[in-house]
A.B. asks: 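My questions all concern the structure below.
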Amino acid sequence: MYQLFIGNKNYSSWSLRPWLLMHHLEIPFNEKLVTFEEGGSWEKFHGFSPTGQVPCLKTEDVTIWDSLAITEYIAEDFPQVWPSERVTRAWSRSASAEMHSGFSALRNICPMNCGLSVELHEISEPLQKDIKRIDELWNEGVQRFGGPFLAGEEFTAVDAFFAPVTIRAKNYHLPVSKTAKQYIELIHNLPSMQKWIADAIQEPWRETAHEEEARSFGTIVADLRQK
């Protein structure tokens, strides 16, 4: 049985990726939620993760401490993680890797906070560049492989990697195309995604650094979380 260590669902975009992938594909795992600490969580998380970060997957034999590595490890047992067709699979891996390593402006200016609706003070040039590229990727995937998901008819790992972006796009009211808006709604309407967001909104924990990040680039217009 896989054990998946994750951080707060409200904040941890990296944790969402493997959690959503396994939950939606009905791959059995035990969820181990470990909350972020004020001032940093490295020592607390280092007890189960070599990098002191989440997510981290453990089995009886191995520890995997990176979301893309976790995805590839799971795919060895569950091939439906990636598309079956070679070209589609190659595109999906490329898009997932681009998300995994890029889009720093989006990450910094629009940190994930599932319970907040934020109006940005401005959309800077670096953020606009990230939004444009993500929109291009989503349109390419849907149009090239037939949709409604990025690699065709079925949800796969590439959708899991972009799931946190759909939360950012929705909660920060980012300007995207009609196709991108439809894709955002598709992902948000998945039962597994709805469960993650519902769990996140009900979390009682607040961590100052994450809260300040969400407020530093915009105005909070709604907070749906429990007080």
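In this chain, numbering begins with 1 at the start of the sequence shown. Any value given below was found using the heavy atoms of this structure, including those in side chains, with hydrogens, waters and symmetry copies removed.
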A.B. asks: Looking just at side-chain N and O atoms, do Tyr183 and Asp159 make a donor-acceptor pair shorter than 3.5 Å?
C.D. replies: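 Note: Tyr183 and Asp159 side chains meet the donor-acceptor criterion.
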A.B. asks: Shared ILVMFWY cluster between Leu4 and Ile197, side chains joined below 4.5 angstrom?
C.D. replies: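 Leu4 and Ile197: one cluster.
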A.B. asks: Would you say the side-chain atoms of His46 and Thr51 include a donor-acceptor pair closer than 3.5 Å?
C.D. replies: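 His46 vs Thr51: no donor-acceptor pair found between side chains.
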A.B. asks: Are Leu33 and Trp14 joined in one hydrophobic group, where the rule is that I, L, V, M, F, W and Y side chains link up if heavy atoms are under 4.5 Å apart?
C.D. replies: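 As far as the 4.5 Å side-chain criterion goes, Trp14 and Leu33 are not connected within one cluster.
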A.B. asks: Quiz question: by atom type and distance under 3.5 Å, do the side chains of Asn171 and Asn113 form a donor-acceptor pair?
C.D. replies: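 On atom types as modelled, these side chains do not qualify, holding no pair under 3.5 Å.
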A.B. asks: Answer yes or no: are there more than 12 heavy-atom neighbours, outside Glu38 itself, under 6.0 Å from its atom CD?
C.D. replies: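 Yes, CD of Glu38 has more than 12 neighbouring heavy atoms, counting only those of other groups under 6.0 Å.
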A.B. asks: Is the shortest distance from a Lys or Arg side-chain nitrogen in Arg225 or Glu211 to a carboxylate oxygen in the other one below 4.0 Å?
C.D. replies: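 Salt bridge flag = yes for Glu211 with Arg225.
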A.B. asks: Are Leu21 and Ile184 connected, step by step, through hydrophobic side chains (Ile, Leu, Val, Met, Phe, Trp, Tyr) whose heavy atoms are closer than 4.5 Å?
C.D. replies: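 In one cluster with Leu21: Ile184, yes.
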A.B. asks: Applying side chain to side chain donor-acceptor pair (under 3.5 Å), can you list everything that pairs with Glu207, at least two apart in sequence or on another chain?
C.D. replies: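 Here the qualifying residues are His210.
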A.B. asks: Answer yes or no: are there more than 12 heavy-atom neighbours, outside Glu154 itself, under 6.0 Å from its atom CD?
C.D. replies: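 At most 12 heavy atoms, drawn from other residues, nucleotides or ligands, come within 6.0 Å of this atom.
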A.B. asks: Hey, quick one: are Leu137 and Phe155 part of the same hydrophobic cluster, counting side-chain heavy atoms closer than 4.5 Å, chains of contacts allowed?
C.D. replies: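 Cluster IDs for Leu137 and Phe155 match.
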A.B. asks: For atom NZ of Lys58, is the number of surrounding heavy atoms from other residues, nucleotides or ligands below 6.0 Å larger than 12?
C.D. replies: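 Yes, NZ of Lys58 has more than 12 neighbouring heavy atoms, counting only those of other groups under 6.0 Å.
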A.B. asks: Do the side chains of Arg215 and Glu212 get close enough for a salt bridge, i.e. N-O under 4.0 angstrom?
C.D. replies: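 Here Arg215 does not pair with Glu212 in a salt bridge, since their nearest N and O are not under 4.0 Å apart.
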A.B. asks: Pairs in or reaching into residues 72-97: which pass salt bridge (Lys or Arg N to Asp or Glu O under 4.0 Å), with residues at least two apart or in two chains?
C.D. replies: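 Every salt bridge (Lys or Arg N to Asp or Glu O under 4.0 Å) pair that includes a residue of residues 72-97, provided the two are not neighbours, is Glu72-Arg93.
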A.B. asks: Dump the intermediate steps for side chain to side chain contact (heavy atoms under 4.5 Å, CB included) on Val81 and Thr156, then the final yes or no.
C.D. replies: CA-CA 5 Å; Val81 162; Thr156 59; over 6 Å; no
A.B. asks: Please check this pair: side chain of Arg17 against backbone of Phe161, looking for a donor-acceptor N/O pair closer than 3.5 Å.
C.D. replies: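 Side chain of Arg17 to backbone of Phe161, a donor-acceptor pair under 3.5 Å: yes, one is there.
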A.B. asks: Determine, step by step, whether Ser124 and Lys129 satisfy the side-chain hydrogen bond (donor to acceptor under 3.5 Å, both in side chains) criterion, reporting the C-alpha distance in whole Å, the side-chain angles of both residues, the deciding distance to 0.1 Å, and the verdict.
C.D. replies: CA-CA 9 Å; Ser124 65; Lys129 182 179 178 181; over 6 Å; no
A.B. asks: Assess the residue pair Gln53 and Trp65 against the criterion (side-chain hydrogen bond (donor to acceptor under 3.5 Å, both in side chains)); give the C-alpha distance rounded to whole Å, side-chain angles, the decisive distance to 0.1 Å, and a yes or no.
C.D. replies: CA-CA 8 Å; Gln53 297 177 326; Trp65 58 89; over 6 Å; no
A.B. asks: Is a side-chain donor-acceptor pair under 3.5 Å present for Thr35 with Lys44?
C.D. replies: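 On atom types as modelled, these side chains qualify, holding a pair under 3.5 Å.
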A.B. asks: Rest of the hydrophobic cluster containing Phe5 (Ile/Leu/Val/Met/Phe/Trp/Tyr, side-chain heavy atoms under 4.5 Å)?
C.D. replies: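 Members other than Phe5 - counting any ILVMFWY side chain reachable under 4.5 Å - are Tyr11, Val34, Phe36, Phe45, Phe48, Val54.
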A.B. asks: Strictly below 4.0 Å, N to O, side chains only: are Lys132 and Glu125 in salt-bridge contact?
C.D. replies: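 Not counted as a salt bridge, because no side-chain N and carboxylate O are separated by less than 4.0 Å.
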A.B. asks: Can you see whether Ser177 engages Asp135 through a side-chain donor-acceptor pair at a distance of less than 3.5 angstrom?
C.D. replies: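 Their side chains do contain a donor-acceptor pair, which is all the 3.5 Å distance test asks for.
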A.B. asks: Atom CG of Leu186 and atom OG1 of Thr166: how far apart are they, to the nearest 0.5 Å?
C.D. replies: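 One gets 9.5 Å once the value is rounded to the nearest 0.5 Å.
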